[in-house]
Asker: 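The structure is given below, and queries will be raised subsequently.
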Amino acid sequence: MAEKEFWRWKEYNWHDESTDWNGCDTITAGVDVGSVSSQAVIMVDGKLYAFASTRTGSDSPESAHKAMKWALEDTGMTLDDIHYKVGTGYGRVNVPFADRAITEIACHARGGNHMYGSSVRTILDMGGQDCKAIHCDERGKVTNFLMNDKCAAGTGRGMEVFADLLSVPIEDIGDLSFQVEKEPPPVSSTCVVFAKSEASGLLRKGWPKNKVIAAYCNAMAHRVVSLLERIGVEKDFAITGGIGKNMGVVKRIEGELGIEALKTNSDTQIAGALGGALFGKALLEKSRKK
Amino acid sequence: MTTAGIDMGAKNIRVLILKDGEVIARAEQMAGFDTAESAEIAFNNALGQAGINKDQIDRIVATGAGRESAPLAQETVTDVGAAAKGGNRLIPQARTIIDVGAEEGRAIKTDAAGKVMDFAVNEKCAAGAGSFTEAMSRALEVQLEEFGPLSLKSSQTTPMNAQCAVFAESEVVSLLHAKTPKQDIARAVHDAIADRIVSMVRRVGIEPEVALVGAVSRNVGFVDSLKRGLERDVIIPDDAEFVGALGAALVAAEG
Amino acid sequence: MKANYGYMDGSGEFYITIDTDLCIECADHGCLEGCPKGMFAIITDDYDDEVAEIKGEFRKKIKYDCADCKPVADRPPLPCVEACTAGAIVHSW
């Protein structure tokens, strides 16, 4: 049996060709090694300079190196040119070149603050295997958080189980979920295993696939909203991570909360790594003052 | 007096008929899609076995997760109430009854008459009941009936990090890739589910004797892990999976 | 910061919330000895403050690890909550 890929994001890299990093004062990097994908971000004097996103392999140190190598591609920069490197994410303690490991919670808050602006108070990060709800202040410091990586409900994996059951490509789920005459009630079981049996029952009952998909997107939204209630949702609100790209879930979360999530042109996948690079800058400046 | 108990379980429906306190029939049917229809089939099979017709049954009581949708039943009794009653009948000396089914696990403290004193339930999460074992046997590609015996071949403790059945499936696959012997993985799975059941039992307090009932009591791997976790023996009655139906039929007889 | 350790699954919400702002001022660290399972640790967090956390290996199963302190029959005060002189620990269930 082969491990399946659940969130098939493209691998990519980018760098700002208009900036010459030579002679710049602070060059910092953040590397976010997640369970599914890994990102690296390089900042030069507080400005985003380069980033890359790759699939995480079986080995964290290797994935960290790969992401970093990609971000550095065609920049003429080498790892040694970077003054401070922060590791974050699930594999943060296994980033061999990192000067410090920072939790993904703190990095997401700081990265989100930079990406969406200092008015952002609530950040929901929906990953492949976990779901994080973060409340932060105007400086991007975490004031309240929870992480759920125990239960597959409300994670990309939960959605993958459904995509498999219905034989629908995962990236089509969002669109299909809106192709229903009337919004169905949510699948009632939270547990993915039980929800799967429930969905099989609905299909046998004659429900069209799209209706089952809508019922599951609805259930996932409801589940995530109950997670958010623990930390309290305050505007501005932002959604990052893999499921943040699934409008079938996002729109329903917004509907249930009665709050629209902030939009950004930035790639929200890099929020964690960006936060790492920002932490790196602060830590570097602190160490230079001593 | 003749009474019947219908246990509308998540996976199987079981019917038991009592005549003047003696069991005269028992039947089992997969719950399937139309549970009411499956219940009718099980009920008619039980009637056939007893050689009686429906009119000869004085009272019918239903129990189980789907008890509200049971056809024919005049009344219902909770899973906890039925397991306590049935468990007490089969193992009168039992004061702690552990009932593990496909989707739920229960620990019940009872008095000498089978009255419920306290109880705790694992529900609505597959990690806490038989579904967990089923999902793992599928991931390992081992028949469920062979999964328990396979576990007994292992003397190795392998910790499992994942709690959720969905994540545990991937962990089982990773363990396979890492060349962990299947028997050791089987034991890791049974140890994991037994651990969760044991902590639930501790919440009600373990008072001897301890009886284990419910369909998962047929899984020797689970039983072995459970005994190790509880650090004591458990009594498993012959009709362990019919305890709910028996309890319901006993409640019906009480009128 | 309110740090919520634990999870929500189909069976309920199981979180231990630690108010780390109260931890910062605490020198007693009663939580370390207070929990019979030793689930707490004192760490230097991302903002360089010394605070308590629930160790990683317990976060996915606190419903079960805390079960011994939460008998069904009577609810004695939780030892971790009692031991925390800063009043920083709250259980959600």
Side-chain angles (χ1 to χ4, degrees), chain A residues 1-7 34-36 56-60 90-91 127-131 147-165 186-207 212 216 219-220 222-223 226, chain B residues 9-12 30-38 65-66 69 101-105 121-142 160-180 182 185 189 192-193 196:
Chain A
M1 193 192 304
E3 263 290 15
K4 287 181 200 103
E5 294 180 27
F6 6 105
W7 294 97
S35 56
V36 179
T56 300
S58 54
D59 178 54
S60 292
Y90 167 81
Q129 294 191 27
D130 67 7
C131 183
M147 175 158 103
N148 196 5
D149 60 352
K150 181 264 176 188
C151 170
T155 70
R157 175 60 72 82
M159 195 53 96
E160 167 72 11
V161 169
F162 264 73
D164 263 6
L165 175 74
V187 171
S188 70
S189 312
T190 297
C191 175
V192 175
V193 175
F194 297 160
K196 204 172 136 184
S197 332
E198 199 180 322
S200 308
L202 293 173
L203 288 171
R204 275 193 304 252
K205 220 171 165 180
W207 278 38
V212 176
Y216 192 63
M220 192 178 260
H222 182 66
R223 145 105 186 162
S226 4
Chain B
K11 220 185 136 197
N12 286 291
M30 288 270 280
F33 170 48
D34 189 341
T35 51
E37 190 191 301
S38 306
S69 61
E103 294 196 355
E104 285 187 0
V121 188
N122 275 357
E123 58 175 357
K124 294 179 180 162
C125 167
S131 307
F132 184 79
T133 337
E134 276 173 46
M136 296 315 113
S137 71
R138 271 199 304 275
L140 263 183
E141 295 172 338
V142 172
M160 280 190 75
N161 177 42
Q163 298 288 316
C164 173
V166 173
F167 291 141
E169 271 183 44
S170 318
E171 193 170 341
V172 161
V173 173
S174 308
L175 286 168
L176 269 180
H177 287 169
K179 305 267 185 285
T180 311
K182 276 193 175 182
I185 302 176
V189 167
I193 178 76
R196 294 193 274 268

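Naming convention: chains lettered A, B, ... in sequence-line order (proteins, then strands); numbering from 1 in each chain.
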Asker: Over all heavy atoms of both residues, which pair between C164(B) and C151(A) is shortest? Give the atoms and the distance, please.
Answerer: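 Reported closest heavy-atom pair: CB-CA, 4.1 Å.
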Asker: Of all heavy-atom pairs between F33(B) and G201(A), which one has the smallest distance, and what is that distance?
Answerer: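 Reported closest heavy-atom pair: CE1-O, 3.6 Å.
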Asker: Give me the atom names and distance for the closest heavy-atom approach of K150(A) to F167(B).
Answerer: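 Of all heavy-atom pairs spanning K150(A) and F167(B), the closest is O-CD1, 3.7 Å.
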Asker: Can you tell me how far apart OG (S58(A)) and NE2 (H177(B)) are? Round to the nearest 0.5 Å.
Answerer: 11.0 Å
Asker: Report which part of A126(B) has an atom under 4.5 Å of a heavy atom belonging to chain A: side chain, backbone, both, or neither.
Answerer: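 Both parts, heavy atoms under 4.5 Å.
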Asker: Can you tell me if Y90(A) has over 12 outside heavy atoms packed within less than 6.0 Å of its OH?
Answerer: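 Incorrect, the count does not exceed 12.
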Asker: For K196(A), which atoms come within 4.5 Å of any heavy atom of chain B: side chain, backbone, both, or neither?
Answerer: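 Neither part; nothing is under 4.5 Å.
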Asker: Kindly give the heavy-atom pair with the smallest separation between C191(A) and K124(B), and that separation in Å.
Answerer: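 In terms of heavy atoms, the two residues are closest at CB-O, 3.6 Å.
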